[in-house]
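Data first, discussion second: the structure below is written as structure tokens.
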Amino acid sequence: MVEVVKTKHFSKQTMKPPRQKNKMMLKSDDVGDFNFKAKDVAIRAQKKLLSRMSNKSMAKMFIDDNASNLLDNFYRLARTYSPNKKEAEKIIKNIIKIVVKIGLLYRNDQLSAAEIALAEKFQKKFHRAAVTFSSFVEVEFSYERDFLAGMLKECQGLLRELVARHLTDKSLSRIDHVFNYFTNPTFLDTVFLSKDPSSPYCDLLKKIVKDLHLLMDDGAL
């Protein structure tokens, strides 16, 4: 008799460790990686892009036609006052850069509640300065240099305070350059005290006042 010996065949199985919850273990050095914010990167990218754009292209993004006309007439005013073409161009370029950067901060919700309150205070003060400027042109013998210069200086301080946390010293110097130019006593007296009706200042001031009224009527100023 032949005995058949049956052998059991065992399949090889790898030993699996007990299941654990799917939990990500972080090293202490990796925790900082979670502070990444896409918005910060987007803002830096926009600033870099704007730095490569022409002033005209930047202006189109943040400044409408009425404001552009106003800037053009202020350029002509500065150019009439001074033979220095580069200085007049620099003034307007600095205004555009300031407006664009503040617009960028606002659009990306970078301003705190306190800064937004400062922006509203600045807007009201600047609106009053625009009304004062217009009245000095429209109402004869109403010009008061120190009053207008004082209002503009207050605007300068508010604007510096508004952007101090966000912009560089170079940007702050642009703000100072613009306001110091337009509050210069010699500049103001030359522009407002010109008695000759044929003076180029008379025509330019009327155009500027017209631009200011359009912006104020639209609620942009």
Side-chain angles (χ1 to χ4, degrees), residues 63 66-103 115 117-164 167 169-197 199-217 219-221:
I63 300 173
N66 289 335
S68 294
N69 290 335
L70 176 64
L71 291 178
D72 288 342
N73 284 321
F74 267 118
Y75 167 76
R76 295 184 185 105
L77 189 68
R79 188 72 180 86
T80 302
Y81 171 73
S82 170
N84 191 335
K85 180 182 178 183
K86 287 186 178 180
E87 176 69 5
E89 289 178 348
K90 188 177 181 181
I91 289 290
I92 303 307
K93 287 178 180 179
N94 282 345
I95 293 174
I96 292 172
K97 288 175 181 177
I98 294 165
V99 171
V100 167
K101 288 184 178 182
I102 294 175
E115 287 167 341
L118 270 174
E120 292 173 350
K121 188 175 180 180
F122 167 81
Q123 187 174 23
K124 290 178 181 178
K125 180 69 67 174
F126 197 74
H127 177 88
R128 285 183 59 200
V131 171
T132 301
F133 183 100
S134 299
S135 68
F136 286 172
V137 175
E138 295 171 327
V139 181
E140 196 173 4
F141 306 118
S142 62
Y143 169 64
E144 292 184 30
R145 181 189 66 203
D146 293 342
F147 183 72
L148 178 59
M151 293 184 72
L152 291 175
K153 284 293 184 183
E154 288 183 43
C155 291
Q156 179 180 0
L158 288 170
L159 194 57
R160 282 181 60 91
E161 188 178 354
L162 170 62
V163 301
L167 303 186
D169 289 341
K170 187 174 182 179
S171 292
L172 294 177
S173 69
R174 289 192 180 106
I175 293 173
D176 292 339
H177 180 229
V178 170
F179 280 95
N180 290 344
Y181 186 92
F182 287 112
T183 56
N184 181 295
T186 305
F187 169 80
L188 290 174
D189 286 348
T190 301
V191 168
F192 281 100
L193 295 179
S194 178
K195 302 296 184 181
D196 186 357
S199 167
Y201 293 116
C202 293
D203 185 51
L204 282 170
L205 287 174
K206 290 176 182 177
K207 289 180 178 179
I208 288 172
V209 168
K210 181 181 178 181
D211 294 333
L212 289 173
H213 281 308
L214 287 172
L215 289 168
M216 287 188 283
D217 290 343
L221 191 64

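Note that the coordinates shown come from a computational prediction; the quantities given were computed from them, not determined experimentally.
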Least distance between heavy atoms, [X] atom then [Y] atom:
| X | Y | result |
| --- | --- | --- |
| Lys121 | Leu158 | CD-CD2, 3.9 Å |
| Met216 | Ser134 | CE-OG, 4.2 Å |
| Ser194 | Ser199 | OG-OG, 2.9 Å |
| Ala149 | Leu188 | CB-CD1, 4.1 Å |
| Ala88 | Arg79 | CB-N, 4.0 Å |
| Lys125 | Cys155 | CG-SG, 3.3 Å |

Mind running side chain to side chain contact (heavy atoms under 4.5 Å, CB included) on Asp176 and Arg160 for me, showing each step along the way?
-> CA-CA 9 Å; Asp176 292 339; Arg160 282 181 60 91; 2.7 Å; yes
Can you run down the salt bridge (Lys or Arg N to Asp or Glu O under 4.0 Å) pairs that involve residues 128-140, sequence neighbours left out, and say none if there aren't any?
->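 Qualifying pairs, neighbours excluded: none.
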Between the main-chain N or O of Ser135 and the side-chain N or O of Ser142, is there a donor-acceptor pair closer than 3.5 Å?
-> yes
Is the number of heavy atoms from other residues, nucleotides or ligands under 6.0 Å of Lys153 NZ greater than 12?
-> yes
Hey, is CG on Asp217 packed in by over 12 heavy atoms from elsewhere, all under 6.0 Å?
->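 Yes, CG of Asp217 has more than 12 neighbouring heavy atoms, counting only those of other groups under 6.0 Å.
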State, yes or no, whether a side-chain contact exists between [X] and [Y] at a heavy-atom distance under 4.5 Å.
| X | Y | value |
| --- | --- | --- |
| Ile91 | Phe74 | no |
| Phe147 | Phe136 | yes |
| Leu77 | Phe187 | yes |
| Val137 | Ile208 | no |
| Leu152 | Leu148 | yes |
| Val163 | Lys101 | no |
| Leu214 | Asn69 | no |

[X] side, atom [atom1]; [Y] side, atom [atom2] - distance, nearest 0.5 Å:
| X | Y | atom1 | atom2 | result |
| --- | --- | --- | --- | --- |
| Lys97 | Lys170 | NZ | NZ | 6.5 Å |
| Lys210 | Asn66 | NZ | CG | 10.0 Å |
| Leu70 | His213 | CG | NE2 | 12.0 Å |
| Arg174 | Phe179 | CZ | CZ | 15.0 Å |
| Leu162 | Glu120 | CG | CD | 11.0 Å |
| Ile95 | Ile175 | CD1 | CD1 | 11.5 Å |

Between Lys207 and Asp211, is there a side-chain N and carboxylate O pair less than 4.0 Å apart?
->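 Salt bridge absent between Lys207 and Asp211.
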For Val99 and Ile96, run side chain to side chain contact (heavy atoms under 4.5 Å, CB included): C-alpha distance rounded to whole Å, both residues' side-chain angles, the deciding distance at 0.1 Å, then the answer.
-> CA-CA 5 Å; Val99 171; Ile96 292 172; 5.9 Å; no
Parallel, tilted or perpendicular for Tyr181 and Tyr81, by the 30°/60° rule?
-> perpendicular
Describe, in one word, how the ring planes of Phe126 and Phe122 are oriented to each other, choosing from parallel (under 30°), tilted (30 to 60°) and perpendicular (over 60°).
->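 The rings of Phe126 and Phe122 lie parallel, inter-plane angle below 30°.
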Can you sort out the partners of Arg76 under side-chain contact (heavy atoms from CB on, under 4.5 Å), two or more places apart, ordered by chain and number?
->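 Arg76: side-chain contact (heavy atoms from CB on, under 4.5 Å) contacts with Asp72, Asn73, Leu204.
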